[in-house]
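One structure is given below, encoded as structure tokens.
Heavy atoms only: backbone and side chains are in, while hydrogens, waters and symmetry mates are out. No experiment lies behind these values; they were computed from the predicted model shown.
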Amino acid sequence: MRRQAAGAAVGVALGAVLLGQYPSLSPVTIVQVAVAVRLVASVFQWIATVGQSWSLKIIRRKFKYELDFWFSTESSAKVTALLVFALYVAIGGSVVLVVVNEFDLNEALWLSTYWLADPGGMFDEPPARRVIALIVTIGGLMLSALIVSVIGDNISDQLDKLRSGAVPVVESGHVVILGWTSKTLTICRELAEANPNRKFVICVLANRPKEDMVVEVAEHLRGQLGRTSVVCRTGNVSLLSDLKKVSISTAQSVILLNAREQNDGRISVTQEHETACIALRLKQLIAAAQEEDRGLAFPNIVIEVMDRDIEGCIQMLGIPNCSTVFTSKFTGQMMVNFATSPGLHQVITELTSFRGVEVYIVSNHTCGGHTFGEAMFACRGGTVIGIRHGFAKGGAVVLNPTDSTHISANDDLVVITLDRTSCSFVPIEGTSPRRPRPRPRPIADTRRKNYAFVNWRPSLGKMILQMDEMVAPGSTLTLFTCLPQVEQCERLAREGVTAGSLQSLHLRHVTGRSNQVDDLKRLADTSFYTVFVFASEDVPRHESDTAIMPTTLLLTELFGVPTSDSLPGRPSSGRSSSSAHREGHSRPELFVAAGWDTGSPKMETPHKGDENSSGSWSLSGPSTVECIMCELSDVQHKALFKSIDTRIVPVCADEIAGSAISQVALQPEMKPIFTELLTADGCELYIYPSVHVLGAAFDDDLTWTDVMEACRTYQFIPVGYITCDEEIILNPVTRDVNRKWVSDKFIILAH
């Protein structure tokens, strides 16, 4: 109270002095000057008070801390600081003018503001005021420089914000991809292929710089997007605030990818549980948006998982329109299928992509009340491969049912065709009856083949168990890894592979480094049907393609090319040896040859236990390899590997998985179909030489309808064939033209 009274007394005394010295000053001006002096005195009083308890160094630290906190938390701190600085300069100059010159405070404030804004105004002033004008003008120059700096910083911040992808996306009916993996570019390309004639938007949210994503999309997808636009945003897919950037609530589909590159391509438990947490946030975000707008539909959500337990957790969340794709389940199965039947790689790639023929679910058919066998032969422009039952039967999908399976009016047909408009059905009552065919006598194919796996990959034991069910008894699998044999056996035992668990395969362990020619020579004592070079688990995923390149080159130099006449079961047709890798086989009980019971010659079957019989694929003389398959992580490297040698077949499992995810994102009902086709459960695709399907009639002139009738004898569905020129024909449209099938292989859907 004493200090406040003393301050008031000083103000009154100052007012009396001013009134005595300058009688022309008005009482209002004197009061204003007194208030200004009181404010200045309060500032000095606070400094004196703080100075008693704090040192000057502490005061500076406190001032810097408060200033830093203010500028970091307040978005308008810079503008506020400029206004305060301008007010202090203007008010300070006006007070000095009032004290030194006989000015009214309002006029002095205006004159000081004029000097502050216009540096040239000081030259018209008398000498007594030029010093004051110079000081105020210097303050004005500093203020102008600060204003330009603040404006430049704000513009730069806004440009950085636009460049970094911080602006929320305002779209509807688009597809959102969460995460950047090796499948992202494949999914973008497939979605663009699926929407070629309309403007389509794909939004990608990933924890990567926006500039890097835009450059990668432009480089790898140049000329492949058409009218599709790819919008990239930088953010953490696990944060709700970043998920709002891509307008998930108004999207058509949401794809959540499993980002494995954070762990060098390996699956971590933390990442898997984070996937379930992200799925829950998606549900909360979309539910909140639907509460605000009841007309919003729940988008299709496709979540890639790598663990069966996490898949169950996501299903327990009860997210509407949510599908999980267990990619690691069918990746190993695809590798085994491609190793035993390399031609399947191109077949699966085409069926899962939006290019060429695709798998569709057709509802506008005229087959209600008829059987599946009748629907197969009534379809024109497509190949019927299954039935999707109506909701009365749970909407279950049945591939390759029996010919007598009844089709109800509410059932849909699963058809392989070019597009929905290319498929039609003729009236079944008007079709000609199928010609009766004698049932052939099946003969199991027991030709032993040698395979080799180079490098160790995850789930290799499960792949070996699956391969054991598919190859002929007596076949050999060579494991060439850098691991000692004892460690190889221990790892395989943990996955259930023991000496007594394999029925058809014989394992051979070879230890060595895959990039050393001296170590690879240990494989050169055997001829192989297929050598599969896997991406090593010890190499980061982004470097795996570079690591297996030397191995592939060395294998092409060490192994010769087998002649077409040397391969068993192949007629001499003068084809190049590079076509040999198209021939595959299947499980022994399904891989059948046939001779008609009408007196045709019967095919001889080699004895299973005769290692030197003609039934063994191993060749005498120099070691050869029929096909060298390489597991790639980047689809852009496929052309490079193909250019090395005609025997090299690059396989990018992520490309097929990305295509399947794209199909499920746009058509959720396709999930059970691709799950069955790409895994060991249910029906699978095989490649059979024509002689194993047509028997003695393989050299006759037959139509595609005749081939279908012969396949249905075994409950097979032929979906296409591979010509002697290595051309793959899926869904043959011309069915009534006779041709010879002696040098062709059939692509079969079978159990």
Side-chain angles (χ1 to χ4, degrees), residues 182-183 186 260 265-267 306 325-349 351-352 449-471 475-481 491-492 495-497 502 504-505 507 514 528-537 539 541 544-545 547-548 551-552 555 581-582 584-587 625-635 637-638 641 647-660 674-681 684-687:
S182 55
K183 305 180 186 70
T186 299
R260 293 175 294 176
R266 302 178 184 86
I267 304 170
M306 299 291 178
V325 179
F326 193 11
T327 53
S328 61
K329 177 182 179 180
F330 60 77
T331 298
Q333 173 64 27
M334 286 192 301
M335 298 293 183
V336 174
N337 287 342
F338 299 160
T340 56
S341 231
L344 282 179
H345 171 243
Q346 295 183 1
V347 176
I348 294 295
T349 301
L351 285 180
T352 54
K449 295 184 179 181
N450 296 328
Y451 305 90
F453 287 169
V454 179
N455 294 328
W456 195 276
R457 78 180 308 275
S459 304
L460 186 61
K462 296 179 181 179
M463 294 173 57
I464 294 175
L465 292 175
Q466 186 61 40
M467 190 175 186
D468 183 63
E469 299 178 3
M470 303 180 65
V471 300
S475 298
T476 301
L477 174 61
T478 301
L479 297 181
F480 182 89
T481 70
R491 290 193 179 190
L492 293 177
E495 298 188 49
V497 180
L502 300 179
S504 302
L505 272 179
L507 285 184
S514 60
F528 294 99
Y529 178 68
T530 303
V531 176
F532 210 128
V533 184
F534 295 127
S536 176
E537 63 175 359
V539 179
R541 186 172 183 82
S544 59
D545 294 355
I548 67 175
T551 305
T552 307
L555 289 174
H581 72 273
R582 298 299 181 186
H585 59 279
S586 176
R587 297 187 178 95
V625 63
E626 178 70 9
C627 175
I628 302 174
M629 309 197 76
C630 308
E631 180 187 9
L632 302 183
S633 60
D634 191 348
V635 68
H637 296 156
K638 291 179 65 174
F641 277 79
R647 294 172 294 171
I648 296 178
V649 179
V651 176
C652 188
D654 286 344
E655 179 187 18
I656 299 176
S659 300
F674 286 112
T675 300
E676 186 167 349
L677 289 178
L678 299 178
T679 61
D681 304 329
E684 298 176 51
L685 290 170
Y686 306 97
I687 295 179

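- Residues Val531 and Met629 are not in side-chain contact: their nearest non-hydrogen atoms beyond the backbone lie 4.5 Å or more apart.
- Between the NZ atom in Lys183 and the CD1 atom in Ile656 there is a gap of 11.5 Å [rounded to 0.5 Å].
- Within the model, atoms CZ of Phe532 and OG1 of Thr340 stand 10.5 Å from one another, a figure rounded to the nearest 0.5 Å.
- Exactly one residue among Leu677, Asn337, Leu344 makes a side-chain contact (heavy atoms from CB on, under 4.5 Å) with Glu684. That residue is Asn337.
- Contact annotation: the side chain of Leu685 approaches that of Ile348 to within less than 4.5 Å [non-hydrogen atoms, C-beta and beyond].
- Using a 4.5 Å heavy-atom cutoff, the side chains of Leu479 and Leu460 are in contact.
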Practice problem: Begin from the C-alpha positions of Gln333 and Leu678 and carry the test side chain to side chain contact (heavy atoms under 4.5 Å, CB included) through to its verdict. | Solution: CA-CA 7 Å; Gln333 173 64 27; Leu678 299 178; over 6 Å; no
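- Between the side chains of Ser544 and Ser633, a donor-acceptor pair is found at a separation under 3.5 Å.
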Practice problem: Before giving the answer on side chain to side chain contact (heavy atoms under 4.5 Å, CB included), spell out for Cys630 and Ile648 the whole-Å C-alpha distance, their side-chain angles and the decisive distance to 0.1 Å. | Solution: CA-CA 7 Å; Cys630 308; Ile648 296 178; 4.0 Å; yes
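- Asp654 and Ser182 are linked by a side-chain donor-acceptor pair at a separation below 3.5 angstrom, with hydrogens and angles left out of the test.
- Aromatic pair Tyr451/Phe528: centroids not less than 6.0 angstrom apart.
- Note that the OG1 atom of Thr481 and the CZ atom of Arg457 stand 14.0 Å from one another [nearest 0.5 Å].
- Side chain of Asn450 to main chain of Ser475: no donor-acceptor pair is present (N/O by atom type, distance under 3.5 Å, no hydrogens or angles).
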Exercise. Dump the intermediate steps for side chain to side chain contact (heavy atoms under 4.5 Å, CB included) on Phe641 and Leu632, then the final yes or no.
Key: CA-CA 9 Å; Phe641 277 79; Leu632 302 183; 3.6 Å; yes
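- Pairing each heavy atom of Asp634 with each of Asp545, the nearest pair is N-OD2, 3.1 Å.
- Rounded to the nearest 0.5 angstrom, Gln466 CD and Asp468 CG are separated by 9.5 Å.
- For Thr530 against Ala339, the heavy-atom pair with the smallest separation is OG1-O, 2.9 Å.
- In this structure, the side chains of Val649 and Phe338 stay at 4.5 Å or more apart for every pair of heavy atoms.
- Summarising the local packing, NZ of Lys638 is surrounded by more than 12 heavy atoms from other residues, nucleotides or ligands at distances under 6.0 Å.
- Considering all non-hydrogen atoms of both residues, Ala653 and Thr331 come closest at CB-CG2, 3.7 Å.
- Taken from CD1 in Ile464 to OG in Ser459, the straight-line distance is 11.0 Å, to the nearest 0.5 Å.
- Residues Thr349 and Glu655 share a closest heavy-atom pair of CG2-OE2, 4.4 Å.
- In this structure the side chain of Met463 reaches within 4.5 angstrom of the side chain of Val336, judged on heavy atoms.
- With hydrogens and angles ignored, the 3.5 Å screen pairs a side-chain donor or acceptor of Glu495 with a backbone N or O of Gly461.
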Quiz item: Stepwise, does the side chain to side chain contact (heavy atoms under 4.5 Å, CB included) test hold for Asn455 with Phe480?
Solution: CA-CA 6 Å; Asn455 294 328; Phe480 182 89; 5.7 Å; no
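- With values rounded to the nearest 0.5 angstrom, Ile628 atom CD1 is found 11.5 Å from Ile548 atom CD1.
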